[in-house]
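Numbering of ligands and ligand atoms starts at 1, following listing order. All heavy atoms count here, side chains included; hydrogens, waters and symmetry mates do not.
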Amino acid sequence: MIKKCLFPAAGYGTRFLPATKSMPKEMMPVVNKPLIEYGVDEAIHAGMTDMCIVTGRGKHSIMDHFDTNYELEHQINGTSKEALLEDIRGVMDSASFTYIRQREMKGLGHAILTGKALVGDNPFAVVLADDLCVNEHKGVLAQMAELYNQFRCTIVAVQEVPETETHKYGVISGEMIKDNIFRVDDMVEKPEPGTAPSNMAIIGRYIMTPDIFDLIEQTEPGKGGEIQITDALLKQAKTGCVLAYKFEGKRFDCGSAEGYIEATNYCYENLYQKAKKKESKPAVVKVKTAEVEMA
Ligand code: G1P
C-alpha cells in the first residue's frame with residue numbers, strides 16, 4: 001500500500017500573477033476549497049495518509065490551512081458556521097502533514113528530490129495540485145494505486161491532447177500492454193511542435209518507486225535549464241519499467257485561466273451543489289448564548 005503522497009508546491013505560479021504575488025497558487029480556491037485540498041482529498045481517497053509537502057518562501061498559508069485555527073474555532077464554536085469546517089477537519093484527522101522547503105527553484109525533478117527526506121525509501125505518489133482531477137467513483141490516484149499494487153513499478157498518468165498542445169507537456173510513447181496501460185519506451189519534456197513522440201501527455205499524477213531519487217541525482221539540467229522529472233523517468237524506463245496509464249476521469253489545468261474557470265464551473269455544479277442538496281436534513285444548531293453585561 002502506498003502511504004506517502006508528495007506535493008511539489010514551491011513554484012511561483014507566474015501564470016496567475018498578480019493573484020499569486022503573495023498567495024501560493026496551491027491556495028487558489030476552486031469554489032470554496034483551495035486547489036491543494038482537492039489533491040489531498042484525492043490522496044486520502046486512495047488510502048494515503050502521509051502528505052509530504054515541498055514548500056518555499058511565502059507558502060505559510062498552506063501549513064496554516066492544514067492546522068487548527070484556534071481563534072476561528074473559538075468564534076464559530078457552536079454556531080451553524082461550524083459545518084463549513086467539517087471537511088477540512090476530516091482531512092486533518094485522516095492524514096499527517098510534513099513540510100520541507102525547497103531553497104532554489106531548479107525544476108520539478110529537483111523539487112521531487114527535495115522531498116526525499118520526507119518520503120524515504122518508500123514508493124510514493126506525486127500530485128501537482130494545479131492539475132485538478134475528478135472522477136465520480138474512483139479518483140485518479142486510487143486507480144493508479146491499484147495498478148501499482150499489481151505491477152510494482154513507476155506509473156505516470158497520461159491523457160490524449162491535440163497535437164498543437166503537446167509542447168506544453170511531457171509526452172510519452174510506448175507499447176500498449178493492456179487496455180489503457182502502456183509500457184513507456186520514450187518520453188520527451190515539452191517537445192518542439194511537430195516532434196512529439198505521440199499525443200499522450202503526462203498530467204500531474206505519478207506513482208514512483210524510490211530508486212527515482214538516485215536517477216534524479218544523475219540527471220543533468222534539461223529543458224529550460226531545469227532538472228526535469230521526465231528525463232529521470234526516461235532513464236528509469238530504459239533501465240527498468242515505467243508504465244503510462246490513460247486514466248478514467250476529468251482533468252482541469254488550473255494553471256491556465258480557461259482550465260481554472262472550467263474547474264470552477266464543474267466543481268460548483270457537480271460537487272458543491274450536490275453536497276448542498278445532501279445537507280437536506282435540518283442541521284442541529286446550537287444557539288450560542290450571548291454574554292450580557294449587566295449595568
Ligand atoms: C510539469 C511536467 C510535465 C507535465 C506537466 C503536467 O510541467 O514537467 O512533464 O506534463 O507538469 O501538468 P509544468 O506544467 O510544471 O511546466
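For ligand 1, none of its N or O atoms has an N or O atom of Ile229 under 3.5 Å away. Considering backbone and side-chain atoms alike, Lys190 places an N or O below 3.5 Å from some N or O of ligand 1. In terms of polar-atom proximity, defined here as any N/O pair under 3.5 Å, Asp131 does make such a contact with ligand 1. Inclusion of Ile202 in the set of residues having an N or O under 3.5 Å from an N or O of ligand 1 is warranted.
The closest donor-acceptor contact from the side chain of Glu73 to the backbone of Asn69 lies at 3.5 Å or more, if one exists at all. Formation of a donor-acceptor pair under 3.5 Å by the Glu26 side chain with backbone atoms of Ile36 is not found in this model.
The distance between the ring centers of Phe124 and Phe213 falls below 6.0 angstrom.
Taking all atoms of both residues into account, the shortest heavy-atom contact from Leu118 to Tyr99 is CD1-C, 3.9 Å. The two residues Lys3 and Gly47 make their nearest non-hydrogen contact at NZ-O, 3.2 Å.
The residue Asp253 has no part lying near ligand 1, judged by heavy-atom distances below 4.0 Å. Under 4.0 Å from ligand 1, the heavy atoms of Glu189 that appear belong solely to its side chain.
Nearest protein neighbour of atom 11 (O) of ligand 1, counting heavy atoms only, is Leu128 CD1, 3.4 Å.
Checking Val40, Val127, Ile2 one by one against Met48, the side chain to side chain contact (heavy atoms under 4.5 Å, CB included) holds for a single residue, Ile2.
Close contacts of ligand 1 with Thr230, meaning ligand atoms under 4.0 Å from a residue heavy atom, involve 9 (O). The atoms of ligand 1 that sit less than 4.0 Å from any heavy atom of Tyr169 are 10 (O).
In this model, a donor atom of one side chain and an acceptor atom of the other lie less than 3.5 Å apart for Thr230 and Glu189.
Contact annotation for atom 15 (O) of ligand 1: protein absent (non-hydrogen atoms, distance under 4.0 Å).
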